[in-house]
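Everything on this sheet refers to the single structure shown next.
Note that the coordinates shown come from a computational prediction; the quantities given were computed from them, not determined experimentally. Every number for a ligand or one of its atoms is a count from 1 in the order of the listing.
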Amino acid sequence: MAEKARVGVLISGRGSNMTALLYASRQPDCPYEIVLVAANDPDALGLKVAAAEGIATFGLGHKGMKRADYDRILDEQLRGAGVQYIALAGHMRLLSAEFVGKWEGRMVNIHPSLLPLYKGLDTHARALEAGDTVGGCSVHLVTVELDSGPVLGQMEVAVLVDDTAETLAARVLIAEHQLYPRVLAELVTRDATPEALLGKLREIALALPAAEEKLSHGTPAFAVAGGKMFGYFSDDHHGNGITALLVKTSGPEEQAMLIEAEPDFYFRPAYLGPSGWIGLRLDQGGVDWDHVGEWLLKSWRMAAPRKLADVI
Ligand code: GRF
């Protein structure tokens, strides 16, 4: 991968999982880096650890603030730090549906049970109460419903006959520290393969009216049926090492302006560049698919016959 994925970690307390993610990120070849640690308690111990390790921190108490306002500020901080993925690690505050929606597919959480068992709190006491012989932990994608998103990885922990909720929690925590960095690394790596990027592009592009996929000089491309092309997938074109989506701009002026404003994201592609097409880099870590979707729609509008373009 060209760049390391930029991760923001949200905590509320001691932040031992954040610390595990951080030290794992300092191992050779780790595909992510921690760029911001934020807490809804300015005194959270984990913030002190992060600061001492030279990581940017943001602590803001949520008491007395409207959830939507708090989440807007948090979102600004995360985007300002260039965060591409969020890892929740003992973050004890519910996030608004709007916030969760914005980070869909790019926000993970660690939960101290073998989901779907024991969502919510007191997981270890409930596992012991039920007489379970194994406990454990899960990393899952965050969706609006608490502890219910797709599970990405789990680790089992044997229950000892004389375990208490505390002793079991302590062992599960060791397992959490092993599981979380690996699963996060897998997620950012998996998302960055050209196959995964193309799959996601297809999903968005082919949902547009009359959109169809074509091969253009051996490259997957998207066209409006009976109309023009509106997107090209470009993967290591002539060995340039770039994975990107090419879309149409309104012309050379817009193209130049965008490239100047965000040279790490936009570029002028060979061949199609002179006709006003622009490249959006998909190989820079977590991709903002909503943004890519807006570009595909804009490009689709330019390619679609008038009658069709007026429909949406
Ligand atoms: C962990 O047990 C985690 O599974 C749960 O909250 C706890 C956070 O601990 N979501 P820490 O702050 O990471 O030490």
Side-chain angles (χ1 to χ4, degrees), residues 7-26 30 32 34-53 55 57-62 74 85-95 99-100 103 107-129 132 134-160 163-187:
V7 175
V9 187
L10 304 190
I11 62 168
S12 293
R14 67 187 163 182
S16 71
N17 276 289
M18 176 280 293
T19 309
L21 290 173
L22 174 61
Y23 293 144
S25 77
R26 291 181 171 167
C30 184
Y32 69 83
I34 309 274
V35 295
L36 181 72
V37 175
N40 59 324
D41 172 4
D43 297 323
L45 175 63
L47 284 183
K48 296 189 180 77
V49 175
E53 293 291 353
I55 308 295
T57 60
F58 175 71
L60 176 65
H62 64 269
L74 186 59
Y85 288 87
I86 296 177
L88 304 182
H91 186 248
M92 301 302 285
R93 191 185 145 271
L94 285 177
L95 295 160
F99 185 94
V100 173
W103 291 93
M107 178 155 61
V108 286
N109 180 42
I110 185 143
H111 184 75
S113 78
L114 297 172
L115 290 170
L117 291 176
Y118 316 125
K119 298 174 181 178
L121 297 174
D122 299 325
T123 54
H124 306 298
R126 286 151 70 199
L128 293 177
E129 175 94 349
D132 294 353
V134 284
C137 49
S138 311
V139 175
H140 64 95
L141 286 171
V142 175
T143 53
V144 174
E145 206 184 324
L146 187 72
D147 300 330
S148 298
V151 171
L152 302 178
Q154 292 185 313
M155 194 175 285
E156 291 187 352
V157 171
V159 173
L160 306 185
D163 257 336
T164 62
E166 287 70 34
T167 58
L168 179 56
R171 265 194 337 283
V172 170
L173 193 62
I174 297 173
E176 291 181 33
H177 298 166
Q178 303 298 313
L179 180 72
Y180 209 175
R182 178 180 62 79
V183 175
L184 181 58
E186 278 172 6
L187 175 68

Quiz prompt | Whether G15 lies under 4.0 Å from ligand 1, heavy atom | solution = yes

Quiz item: Measuring from the heavy atoms of I11, does anything fall under 4.0 Å of ligand 1?
Solution: no

Practice problem: Would you tell me whether S16 and H177 have side-chain atoms, one donor and one acceptor, within less than 3.5 Å of each other? | Solution: yes

Exercise. Report yes or no: do S12 and D41 form a side-chain donor-acceptor pair below 3.5 Å?
Key: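 Side chains of S12 and D41: no pair found under 3.5 Å.
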
Quiz item: Can you list the atoms of ligand 1 that are under 4.0 Å from a heavy atom of P112?
Solution: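 Reading through ligand 1 atom by atom, the close ones are 4 (O), 5 (C).
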
Nearest protein heavy-atom contact for [atom]: which residue, which atom, what distance?
atom	answer
atom 13 (O) of ligand 1	N17 N, 2.9 Å
atom 6 (O) of ligand 1	G90 CA, 3.5 Å
atom 10 (N) of ligand 1	I110 O, 3.0 Å
atom 3 (C) of ligand 1	E176 OE1, 3.2 Å

Quiz item: For atom 9 (O) of ligand 1, which candidate among R14, H124, H91, H111 provides the closest heavy atom?
Solution: R14

Quiz item: N/O to N/O below 3.5 Å, does that happen between N109 and ligand 1?
Solution: no

Self-check item: For R93, all residues meeting salt bridge (Lys or Arg N to Asp or Glu O under 4.0 Å), sequence neighbours excluded
Solution: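 R93 satisfies salt bridge (Lys or Arg N to Asp or Glu O under 4.0 Å) with D71 only.
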
Self-check item: Donor-acceptor contact below 3.5 Å, side chain S113 vs main chain Y118
Solution: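 Pair found, side chain donor or acceptor close to backbone of Y118.
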
Self-check item: Rounded distance [0.5 Å steps], OH in Y180 versus CG in N109
Solution: 5.5 Å

